[in-house]
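In what follows, a structure is listed as structure tokens, so that the remarks can point back to it.
Given the structure is predicted, the values throughout are model-derived calculations rather than measurements. In what follows, chains are A, B, ... by sequence order, proteins preceding strands, each numbered from 1.
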Amino acid sequence: MIVDGRVLREDFVPSEVVHRHDEVNLLSEALEPLLSDRRPDPSFLFGPTGVGKTCIARYTLAQLHEQDPDVRVAYVNCWQEYTRFRVLYSLLEATGRTTDIHRSTAKDELFDRLAEGDTRPLVAILDEVDQLEETAALYDLHRLPHVSLVLIANREEELFASFDDRVRSRLHAGTRVQFDRYGTAELRSILRERATQGLEPDAVTTDQLQTIADAASGDARVGIGILRSAARRAERNGCEYVTEATIAAAIPDARTAIRRKTVEGLPDHQRVLYEIITDAGEIEPGELYEAYERRVAEPKTARTLRNYLTKMVHYDLIESVGEHRGRRYRPVADGDEGEESELPTEK
DNA sequence: ACTCCACGGGAAACGCTGGTCG
DNA sequence: CGACCAGCGTTTCCCGTGGAGT
């Protein structure tokens, strides 16, 4: 049933792109100077989740690398690597020179090492760059003449708001590529493409892909997740092809899978907080702290809990409603319908 | 107006890892 | 080898801010 599981992973980069030719062209034009040994201005890819920003960036850079193997590419996801140290480290790693570096190595050491030595061009793709906490890292990278930046974020205004002045003025020039949500027809053909490569022929019908595309409401990541989950379920049941029932089962599954994974990875104390909040449905801070203290042997301070809470809000596990007095925490709603959940987490 | 409460920034304290020096 | 040191991440303490309730 499943022929090639890699194709169904969301980080799979297809060898051909569907529906994003304009964006690819824009980006590769912007990066063209690299082919004549000049440094391009930074490129920006903006758009909501699951519209192919990451995929297109990787795809385009992979092509570029093929044209000119001297151009190296480093992909950094700023969700995980959100400090200056980690970003620099990831870049060094991509150039394969990290052997003797550990946590205790001074930051400047990392920077120096990037600056000297191998000065072949390096393109740094910084994904979710709005999550980067030390934007000074961007300034650092910009100072390196052989490093070019491709920055990926949801919204332009918010991204620039998070920059400090130095960074903002340096990066203001540059190419913007805006990605819009996929229509269901587009999404359906993307899914068809994946199904053709990843599954047995005829394992899934066009109607079924349509159902999945509808459920994913423009988010290719969710769509692919549903397809993968449905295929796995079908396979586990010994089916030769995907059935309506497996799809129905896979839809909620894919929606919460990512979150469940995050929750499992949470440190103990934070998971306790999360459980209290989900159990209660909605809870106010004071009560939350008390419940927490009752449940844990060696409770952390309230201040620390606040740190945890902001982090969990950040991770989209919980949300807080109201300000100051009368604030409440609750698990983030499961956006059952494709309702515009476009609340760009104000701050 | 005044008090209560929660939020979140900043500085200091702590704990861990790995390096270095005698 | 053991005693220190450097540097980072995490936690705590302290505190200013500002809305809500009275």
Side-chain angles (χ1 to χ4, degrees), chain A residues 76-94 97-116 126 128-141 158-159 161-168 262-332 343-347:
Chain A
V76 181
N77 187 325
C78 299
W79 260 119
Q80 282 103 45
E81 326 297 335
Y82 52 85
T83 64
R84 184 174 166 236
F85 181 90
R86 292 196 194 171
V87 169
L88 293 177
Y89 184 90
S90 305
L91 294 189
L92 275 173
E93 201 169 37
R97 295 181 300 131
T98 46
T99 37
D100 55 341
I101 294 184
H102 12 63
R103 325 190 308 103
S104 63
T105 310
K107 287 178 181 176
D108 293 331
E109 165 88 32
L110 294 195
F111 180 76
D112 291 345
R113 220 184 277 207
L114 266 178
E116 65 207 26
L126 300 187
E128 319 259 15
V129 66
D130 42 354
Q131 299 305 322
L132 186 62
E133 287 180 7
E134 294 174 87
T135 55
L138 296 178
Y139 181 75
D140 288 341
L141 296 180
E158 280 164 48
L159 179 63
S162 70
F163 288 169
D164 66 44
D165 294 336
R166 252 185 346 174
V167 178
R168 197 174 305 139
T262 331
V263 172
E264 277 167 15
L266 239 34
D268 291 348
H269 289 263
Q270 297 178 43
R271 205 171 50 243
V272 170
L273 279 177
Y274 180 76
E275 280 163 12
I276 295 174
I277 293 171
T278 43
D279 286 353
E282 183 165 305
I283 192 167
E284 47 190 55
E287 204 180 326
L288 174 59
Y289 299 152
E290 283 171 29
Y292 163 80
E293 276 170 16
R294 261 180 271 123
R295 202 173 303 193
V296 171
E298 292 174 22
K300 312 272 187 192
T301 348
R303 180 67 187 86
T304 302
L305 299 192
R306 269 180 259 142
N307 285 340
Y308 291 164
L309 288 167
T310 45
K311 193 154 147 194
M312 287 160 65
V313 169
H314 196 67
Y315 274 70
D316 228 10
L317 291 172
I318 59 173
E319 60 188 0
S320 66
V321 289
E323 290 279 300
H324 302 98
R325 199 83 183 283
R327 171 175 273 208
R328 286 162 184 283
Y329 291 103
R330 64 178 183 215
V332 38
L343 302 178
T345 47
E346 89 299 330
K347 62 151 124 184

Table of protein N/O atoms under 3.5 Å from nucleotides 11-14 of chain C N/O atoms:
unit_1, atom_1, unit_2, atom_2, d
C/dT11, OP1, A/Tyr308, OH, 3.1
C/dT11, OP2, A/Tyr308, OH, 3.3
C/dT12, OP2, A/Thr301, N, 3.1
C/dT12, OP2, A/Thr301, OG1, 2.6
C/dT12, OP2, A/Thr304, OG1, 2.3
C/dT12, O5', A/Thr301, OG1, 2.7

Subject >> Set of side-chain contact (heavy atoms from CB on, under 4.5 Å) partners for A/Glu298, sequence neighbours left out >> reply: none
Original post:
What distance do A/Leu309 atom CG and A/Tyr289 atom OH have between them, rounded to the nearest 0.5 Å?
Top reply: 6.0 Å
**OP:** Using atom CZ of A/Arg328 as one end and atom P of B/dC7 as the other, report the distance to the nearest whole Å.
**Re:** 12 Å
Original post:
Hey, what do you get for CG (A/Leu273) to CG (A/Asp268), rounding to the nearest 0.5 Å?
Top reply: 11.5 Å
Dump the pairs, protein N or O against N or O of nucleotides 16-19 of chain C, anything under 3.5 Å, distances to one decimal.
none

Original post:
Roughly how far, to the nearest 0.5 Å, is CZ of A/Arg330 from OG1 of A/Thr278?
Top reply: 14.0 Å
Original post:
If we fit an axis to the first five pairs and another to the last five of the helix from B/dA1-C/dT22 to B/dG22-C/dC1, what angle do they make, to the nearest 10°?
Top reply: 20°
Original post:
What distance do A/Gln270 atom CD and A/Asn307 atom CG have between them, rounded to the nearest 0.5 Å?
Top reply: 9.5 Å
Subject >> Closest approach of A/Glu128 to A/Asn77 (non-hydrogen atoms, all atoms of both residues) >> reply: CG-OD1, 3.6 Å
Subject >> Interatomic distance, A/Lys311 atom NZ to A/Leu266 atom CG [nearest 0.5 angstrom] >> reply: 8.0 Å
Original post:
Between the main-chain N or O of A/Lys300 and the side-chain N or O of A/Tyr292, is there a donor-acceptor pair closer than 3.5 Å?
Top reply: yes
**OP:** For A/Glu287, enumerate each residue passing the side-chain contact (heavy atoms from CB on, under 4.5 Å) test, keeping only those at least two apart in sequence or located in another chain.
**Re:** A/Ile283, A/Glu284
Original post:
Which residues within residues 284-295 of chain A lie with some heavy atom under 4.0 Å of an atom in DNA chain C?
Top reply: none
**OP:** Could you check A/Leu138 against A/Leu126 for side chain to side chain contact (heavy atoms under 4.5 Å, CB included), going step by step and ending with a plain yes or no?
**Re:** CA-CA 10 Å; A/Leu138 296 178; A/Leu126 300 187; 3.4 Å; yes
Original post:
Rounded to whole angstrom units, what separation is found between the CD atom of A/Glu319 and the P atom of B/dC7?
Top reply: 15 Å
Original post:
Whole-Å distance between B/dC7 C1' and A/Ile318 CD1?
Top reply: 14 Å
Subject >> Closest approach of A/Pro331 to A/Gly281 (non-hydrogen atoms, all atoms of both residues) >> reply: CD-O, 3.1 Å
Original post:
Roughly how far, to the nearest 0.5 Å, is the CD1 atom of A/Ile277 from the CD atom of A/Glu319?
Top reply: 10.5 Å
